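Index from 1, following the sequence. Everything quoted here is computed from the prediction, not taken from an experiment.
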Amino acid sequence: MRRSAAAGLLSLPAVGALTSCASGGGDNEEVERGEATENNPFGVNADAELEVVIFDGGFGDQYALDAEEIYSGSYGPVEHAKTQEIQSRLQPRMVQGDPPDVINNSGAEAMDIAALIRNDQAYDLTELLDAPSLDDPGVTVRDTLMPGVIEMGQFGGEPMWQLNYAYTVYGQWYSQTALDRLEVEYPRTWDEMIAVCEKARQQGMAGWTYAGQYPYYFNFTLYPFIGKIGGADVLRAIDNLEPNAWRHDAVRAAFEAYHELTARGFVLQGSPGLSHEESQDEWNQYNALFIPNGSWVENESRENTPDDFRMAVGPPTSLDSSDAMPFETLWASGSEPFFVPAQAANAPGGLEFLRIMLGRESARNFTSLVSSLTAVRGASDGMDLPPGLTSASEVLAAAGDNLLLPRLPDWYRQLNNEEIGGAIAAMMAGDIEPDEAINRCQQAADATAQDDSIQKFQHV
């Protein structure tokens, strides 16, 4: 009944980008559904095995193992694997029509979900959304999710193709201890940012560092900064690949502000060559004050974070009082994507596994283990949270409805990570001026818009 052994998963050779649809030539045999009941809304076959593959990154895989234990208590056994090489290990199986039942499609080697959707290789999760939630059959899964989670899984239409399980607050991460030592407040305007960075330099500390090897990390603050200056419509135009979207005055103001950090020498020397972990280590060692990142950073850098660090996050610093959106505006959205392959042998089991993960027990366990909020509304209420996650919860509450949701990173992964990221990297390294960075971004966006081989998405 089952497909090729998962042992082969970790010995497959690396492959390039997915270039063809699933051939259907794999040895998966679809598991027959059982009877759907209130406790088993998808009709999971209790005798069928479930195969789950987890990205072995900052969140580890213990949370998944714990959810799998709940699953196997009611259904069949779970075959579990973890890897950092999602694309190179799993794309061959996707092409062969022999995928696992659930894939945590994350990390630097994540598969292009847009390409998978285009090739009919992702399962429509609307069935999951409309199912009764694990804790209250009177409430659907849809109604338990945080704002933007469903939208993040949609790609220009109604179906939801992926579930972003973590709920990430992006912004300027810092040490409250470092600010206190400098006797400064968190900068709310760019003039205040420059003043804080100057004071930090006088004390031997850089104002900023970043993951130069992965320059799209800068977008975690740059995109919401652009949105705050010019309004959410500016980001929508960028996402929609509209002509001259990158030449908007808000983009220029944001680029010029960030370039000022480099021009004034406020960026930690060597940052362009740092990995995400190396930049976080420099930050943890009080060598830099701010770092653009997401709320996974608390768990990912836990081993090297001093006990007195008092990790915190703030919204991107505003430009000035003319900004279109208030200071509290930030980018917060679902992250850490999961999907069920369309050709999964046990798709009902995959849906049930995700429903279990969205139950209160699993959601609170995830937060406890990895210092991250989840997609489940209110799941962390009453929990004793670490400093960084406490701060993330506070800024999220302060933002209210002023949340931005850039889609370029997941709609056009290569454009965002390589072309846009490369232009910003060159600007932050001091190799090019803001005008040249803007031109490169616009040219790359235009090339993507004109490439008929790339599926296009639009905000609805």
Side-chain angles (χ1 to χ4, degrees), residues 18 20-22 24 28 30-31 33 36 41-44 50 52-53 86 90-91 94-95 97 99-106 110-134 139-168 236 239-241 333-358 374-377 403 405-413 416 452-460:
L18 186 63
S20 64
C21 299
N28 265 8
E30 185 175 345
V31 171
R33 289 202 186 209
F42 310 117
V44 178
L50 179 74
V52 178
V53 178
I86 296 294
L90 296 185
Q91 276 194 170
M94 296 292 294
V95 172
D101 301 309
V102 180
I103 298 174
N104 174 199
N105 187 37
S106 188
M111 292 180 284
D112 185 347
I113 186 64
L116 297 178
I117 294 168
R118 181 174 64 248
N119 292 328
D120 297 324
Q121 292 177 294
Y123 194 98
D124 181 355
L125 299 180
T126 303
E127 187 179 356
L128 171 66
L129 296 178
D130 293 337
S133 62
L134 195 69
V139 177
T140 64
V141 169
R142 179 189 302 273
D143 292 333
T144 68
L145 300 179
M146 292 282 284
V149 170
I150 293 175
E151 183 183 352
M152 279 293 293
Q154 295 172 322
F155 289 75
E158 288 300 316
M160 186 178 90
W161 302 103
Q162 70 178 9
L163 169 68
N164 292 278
Y165 185 62
Y167 198 77
T168 296
R236 292 193 188 100
D239 291 340
N240 290 340
L241 303 179
S333 64
S335 61
E336 203 61 21
F338 284 73
F339 77 98
V340 175
Q343 290 190 290
N346 190 7
L351 296 174
E352 179 64 11
F353 176 73
L354 295 180
R355 190 172 80 108
I356 288 170
M357 286 184 60
L358 291 170
T374 69
V376 182
R377 192 188 304 268
L403 297 179
L405 186 60
R407 299 306 307 274
L408 200 75
D410 57 309
W411 282 357
Y412 308 106
R413 181 181 176 86
N416 178 78
D452 292 338
S453 69
I454 299 175
Q455 185 174 2
K456 307 306 190 297
F457 302 100
Q458 294 282 316
H459 283 278
V460 293

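At least one donor-acceptor pair under 3.5 Å links the side chain of Arg355 to the backbone N or O of Pro132. Remark: side-chain polar atoms of Tyr165 are not paired, donor with acceptor, to backbone N or O of Ala375 under 3.5 angstrom. Not a single donor-acceptor pair under 3.5 Å links the side chain of Asp143 to the backbone N or O of Val139. Checking side-chain atoms of Asn240 against main-chain N and O of Arg236 turns up a donor-acceptor pair under 3.5 Å.
Closest heavy-atom contact between Gln121 and Phe339: O-CE1, 4.1 Å. Taking all atoms of both residues into account, the shortest heavy-atom contact from Ile356 to Leu134 is CA-CD2, 3.9 Å. Listed here is the closest heavy atom pair of Tyr167 and Thr374: CB-O, 3.2 Å. Smallest separation of non-hydrogen atoms from Leu125 and Leu351: CD2-CD2, 3.6 Å. Nearest heavy-atom pair across Pro100 and Leu90 is CG-CD2, 4.0 Å. Residues Val44 and Pro348 share a closest heavy-atom pair of CG2-O, 3.4 Å.
Side-chain contact between Met94 and Ile103 is present, with heavy atoms from C-beta onward closer than 4.5 Å. Using a 4.5 Å heavy-atom threshold, the side chains of Arg407 and Leu405 count as touching. Side chains of Asn164 and Ser333 form no contact here, defined as non-hydrogen atoms less than 4.5 Å apart. With contacts defined as side-chain heavy-atom distances shorter than 4.5 Å, the pair Thr126/Asp130 qualifies.
With rounding to the nearest 0.5 angstrom, the CG atom of Asn105 is 12.5 Å from the CG atom of Leu163. Between the CD1 atom in Ile117 and the CZ atom in Phe457 there is a gap of 5.5 Å [rounded to 0.5 Å]. Distance check, rounded to the nearest 0.5 Å: CD of Glu336 to OG1 of Thr168 gives 8.0 Å. Atom CG of Asn346 sits about 10.5 Å away from atom CD of Glu352, to the nearest 0.5 Å. To the nearest 0.5 Å, the span separating CG on Leu358 from CZ on Phe338 amounts to 10.0 Å. Separation of atoms CD1 (Ile454) and CH2 (Trp411) is listed at 14.5 Å; rounding is to 0.5 Å.
Side-chain contact check for Asn104 and Ser106: no donor-acceptor pair (N or O, by modelled atom type) lies under 3.5 Å. A donor and an acceptor atom, one from each side chain of Asp239 and His459, are located under 3.5 Å apart.
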Stepwise side chain to side chain contact (heavy atoms under 4.5 Å, CB included) test for Phe353 and Val340: CA-CA 10 Å; Phe353 176 73; Val340 175; over 6 Å; no
Candidate pair Leu129 and Leu145, rule side chain to side chain contact (heavy atoms under 4.5 Å, CB included), full reasoning: CA-CA 9 Å; Leu129 296 178; Leu145 300 179; 3.8 Å; yes
Side chain to side chain contact (heavy atoms under 4.5 Å, CB included) assessment of Gln162 paired with Phe155: CA-CA 10 Å; Gln162 70 178 9; Phe155 289 75; 4.1 Å; yes
Trp161/Gln154 under side chain to side chain contact (heavy atoms under 4.5 Å, CB included): CA gap, chis, key distance, verdict: CA-CA 6 Å; Trp161 302 103; Gln154 295 172 322; 5.9 Å; no
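Salt bridge absent: Arg413 and Asp410 never bring a charged side-chain N and a carboxylate O closer than 4.0 Å. Salt bridge Glu127/Arg142: absent, no basic N to carboxylate O contact under 4.0 Å.
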